[in-house]
> 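Have a look at this one.
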Amino acid sequence: MSPVESGPVAVLHHVDDYVELLYDDIPEKIKGSALILQLARNPDNLLELARNEALLSALSRVLREEWKRSIELSTNIVYTFFCFSTYNEFHPVIIQYKIGSLCMDVIDYELKRYDQWKEKVEGKKSILTPDKSELPKSRIPEPKRRPKSGTWAVADVNLQKSRSLVSSYHEELCSASDECLSKSDEEQLKRKLKTLSKRQEQLLRVAFYMLLNIADNVKVEEKMHKKEIVGLLIGAMERHSNIDLLILIVSFLQKLSIFVENKNSMASRAIIEKLAPLLDSSNADLVNVTLKLLFNLTFDTKLRNKMIKLGLLPKFVQFTSDEKHINLAMKILYHLSMDDRVKIMFTQSDCVKLLTDMLLLNVNAESGGSTDVLLALCVNLAWCERAAHQMAAEGRLRELLARAFRYCNSVLMKLVRNLSHHPQNKPLFLEFVGDIAGAVTSGETSEEFHIECMGTLSNILNPENIDIYAVVERYNLIPCIMKILDPESGSSEELLLEGVVMAGAVAAESRAAGALVRAGAGPALVVALRTHQADDEHVLQTVFAFRQLLSHPKAAEHLVSQTEAPAYLIDLMQDKNAEIRKMCDSCLDIISQMQNEWAARIKVERFRCHNGQWLSVVETLGAEGGAGDAADDLPPYLSAEYLTTHRLATSDSQTSINDDSDSLSGEVDLNRVEARNSSEEHKGELFTSTDGSSGKLSDIDGPTSDIVLFT
């Protein structure tokens, strides 16, 4: 990457002479900067050069004043500061002289100038115009120096020669006529553009590399972000001919993408569209660093969706067969698999089968790295029904279970558990019920593996295909469940949750439910509910277990009469979780149909729950104690005796309220009851009813009206 041509060898003791050359004309400045660069490329000289303030001041001044006049001069000086930037000890020197900010100005100018060259050569109308505040190079006067020997005429001749040497192709390109050029002239301009592009790419590379080095300082990187460093990098990505420059640019973008501000800036500049062609490159290093950048960008949901729209998923799958890129490809696929809409796309080819076969070949007791990522990817894909069927088909389920039990791999068992979640896969597990149930009761495995085995068994215990009671009796599952539910056993929250889930699965069969009740599962479930009432998942699973027990008459009678389950179910009627409310309503419907004292209380509590606003208004009016209220015989709320003496709708037709607040929902099935006042003193009394469409209270005047009651 050295732009220095062959020339005299620089000597550290003559550095003052090289500094003097920086005060001469452009050719001498180029020569002096080249010699100083030779010294800077030797790390042993950097400390001595950093102490020379005159040298650093001269270099920074020349770069600031002359960078637009010579690419070679700018490249030499920027390259010199790049040598300093390779060591953190010299970063303060670069920051002190504001070289980073100046380099960004140089890069911005060179990118715009290249666009002008390209438009000129292609014969297009120029879009970018030079800065009018700056004089063209041909109009900038060159300072004349008194010759050390000879006459002024000789000096003028030498000056003219030096100018002819310094004149770049940029002048010839800019001075080219807009009129039609011959083919030879066009070819010549294209060759000059190519030469200029190569020189410019050298400057861009050393400038970007120096900025990348000093970007280790977060404050410096923030300043770069304010000066739109991302825009400069993406603007330079069009140089596909220079692979080294592309690798540097993508590496820089990868470092910047860690911060969300830079990531958003990349997204606004269509970074995914610009990175997609780089994946087809034959250079493995460029593809690898591109995958690293894409992996950082996959943390953004919108950018992941854009990758899918551009059709990059098949390319990522292809990279899984390349040892150089398999680790990054797996990580990217894992992030993409988190979106449910993308999971189904994996099944449109043999990708799922290949990933499963690859997992079977690589998983072992010492697996790690890319194998763990592959396993996590398969766990995500197993939630898709179609993908899960492809994984379990053709004998793969047997192989997965064999390796899971052989290595006691909890993550692999989690994959099997996800496969058992889908109805079409459950028949495939029938031959493995005994193995899984034995693993649940063995107690020889780790807790994580035990939890996954319990979850798998709970999924496949289907009374239509399996004799649950036979499995429970043969493998002694009831004592295992009760041990987990025992508060004194000290079971972890995850294990306790799985115990509750298994209790609900076992209670699907009447004989197994009776065995659970006789073993004391009812009080144990109530204690577990009281202990973990803040966990919605735990509460929902416990209420579901109650629902399973209530579906059997004997178990239901024991649960209602011997435990506090009905009281807790009543308290959960107003829970914020809609699923919990729905499950509670189902349980309370069964309890209210039973001949016990809970039926009347459930009616009262449902009335209070569904008519909370109306009751609060009545209580408020009663508390105010007006003159007309003294003769009011109605209590602040309706008692159970009042409800039992009136014709009310049964709870079978009621549905749970889907609104989390206390306001009434229009979706509730209203049962209207006609009532008439029996005495004249209640004529004209104000009654309240609910508007079924809006859920708001409305006032109705009149001697008679319909009172809407909710049971």
Side-chain angles (χ1 to χ4, degrees), residues 208 212 215-216 218 221 225 229-230 233-234 236-237 240 243 245-343 345-346 349 351-352 354-355 358-359 362 367-381 411:
F208 279 133
L212 176 60
D216 290 339
V218 178
E221 187 171 343
H225 170 73
I229 182 64
V230 174
L233 289 167
I234 294 179
M237 282 182 63
H240 288 183
I243 299 298
L245 180 60
L246 277 177
I247 294 175
L248 174 61
I249 291 174
V250 178
S251 301
F252 203 163
L253 288 172
Q254 177 206 346
K255 173 178 171 47
L256 296 174
S257 64
I258 297 175
F259 295 95
V260 64
E261 296 84 1
N262 295 326
K263 183 263 298 179
N264 294 336
S265 181
M266 295 178 195
S268 63
R269 291 176 169 83
I271 182 65
I272 304 299
E273 290 82 351
K274 291 180 170 59
L275 290 176
L278 302 183
L279 295 176
D280 299 326
S281 174
S282 58
N283 189 289
D285 294 333
L286 178 59
V287 174
N288 189 267
V289 72
T290 303
L291 289 175
K292 289 181 179 179
L293 174 56
L294 287 172
F295 171 68
N296 286 357
L297 298 178
T298 53
F299 286 90
D300 186 277
T301 304
K302 294 182 180 179
L303 294 179
R304 288 202 303 267
N305 294 336
K306 188 167 292 186
M307 294 179 194
I308 297 300
K309 291 180 180 179
L310 293 177
L312 298 184
L313 180 60
K315 292 185 179 180
F316 295 144
V317 175
Q318 292 177 0
F319 287 133
T320 58
S321 59
D322 191 336
E323 294 183 358
K324 297 180 180 178
H325 310 309
I326 182 173
N327 194 17
L328 287 169
M330 288 296 178
K331 292 180 180 179
I332 294 174
L333 290 174
Y334 170 73
H335 279 183
L336 295 177
S337 67
M338 292 189 296
D339 300 331
D340 293 335
R341 294 177 298 176
V342 180
K343 289 184 178 71
M345 296 183 182
F346 283 84
S349 62
C351 174
V352 177
L354 293 175
L355 292 175
M358 190 184 304
L359 177 63
N362 292 279
S367 60
S370 59
T371 304
D372 291 343
V373 179
L374 173 60
L375 184 54
L377 170 61
C378 292
V379 170
N380 280 357
L381 294 178
V411 183

> Name all residues meeting the salt bridge (Lys or Arg N to Asp or Glu O under 4.0 Å) criterion together with K315; count only those two or more places apart in sequence or in a different chain, and write none if there are none.
D280
> Quick test of your reading: applying ring-ring contact (aromatic ring centres under 6.0 Å, His included), list the pairs with at least one residue in residues 245-275, sequence neighbours left out, ordered by first then second residue.
none
> Are D216 and K255 close enough that some pair of their side-chain heavy atoms sits under 4.5 Å apart?
yes
> Is there a donor-acceptor pair closer than 3.5 Å between any side-chain N or O of D339 and the backbone N or O of V342?
no
> Using the salt bridge (charged side-chain N to carboxylate O under 4.0 Å, His left out) rule, collect all pairs that involve residues 320-335, keeping only residues at least two apart or in two chains.
none
> Distance check, rounded to the nearest 0.5 Å: N305 atom CG versus T298 atom OG1?
12.0 Å
> Can you name the closest pair of heavy atoms from M358 and T320 and give their distance?
CE-O, 4.2 Å
> Suppose we screen for side chain to side chain contact (heavy atoms under 4.5 Å, CB included). Which residues come up paired with V379, at least two apart in sequence or across chains?
V411, K414, L415, N418
> Taking the side chain from S251 and the backbone from I247, do they hold a donor-acceptor pair closer than 3.5 Å?
yes
> Working to the nearest 0.5 Å, report the span between CD1 of I243 and CG of D285.
10.5 Å
> If you measure from OG on S265 to CD1 on I229, what distance do you get to the nearest 0.5 Å?
10.0 Å
> Rounded to the nearest 0.5 Å, how far does CG of L312 lie from CG of L291?
10.0 Å
> Roughly how far, to the nearest 0.5 Å, is CZ of F319 from CG of N288?
10.0 Å
> L294 and M307: which non-hydrogen atoms are nearest, and at how many Å?
O-CE, 3.5 Å
> Please assess M330 against L355 for the test side chain to side chain contact (heavy atoms under 4.5 Å, CB included), listing each intermediate value before the final yes or no.
CA-CA 10 Å; M330 288 296 178; L355 292 175; 3.9 Å; yes
> Supply the atom-to-atom distance L336 CG to F346 CZ, rounded to the nearest 0.5 angstrom.
6.0 Å
> Which heavy atom in L275 sits nearest to a heavy atom in M237, and how many Å separate them?
CD2-CE, 3.7 Å
> Assess the residue pair L256 and H225 against the criterion (side chain to side chain contact (heavy atoms under 4.5 Å, CB included)); give the C-alpha distance rounded to whole Å, side-chain angles, the decisive distance to 0.1 Å, and a yes or no.
CA-CA 9 Å; L256 296 174; H225 170 73; over 6 Å; no
> Which is it for V373 and L333 under the side chain to side chain contact (heavy atoms under 4.5 Å, CB included) test, yes or no, and what are the steps along the way?
CA-CA 9 Å; V373 179; L333 290 174; over 6 Å; no
> Which residue pairs satisfy the salt bridge (charged side-chain N to carboxylate O under 4.0 Å, His left out) criterion with at least one member in residues 263-272, sequence neighbours excluded?
E228-R269, K263-D300
> Between N362 (side chain) and T371 (backbone), is there a donor-acceptor pair under 3.5 Å?
no
> Taking all heavy atoms of M266 and all of L293, pick out the closest pair and write down the distance.
SD-CD1, 4.4 Å
> What is the minimum heavy-atom distance between V289 and L286, and which atoms define it?
CG1-O, 3.2 Å
> Could I get the full list of side chain to side chain contact (heavy atoms under 4.5 Å, CB included) partners for F299, not counting sequence neighbours?
F295, H335
> Shortest non-hydrogen contact from L233 to I249?
O-CG2, 3.4 Å
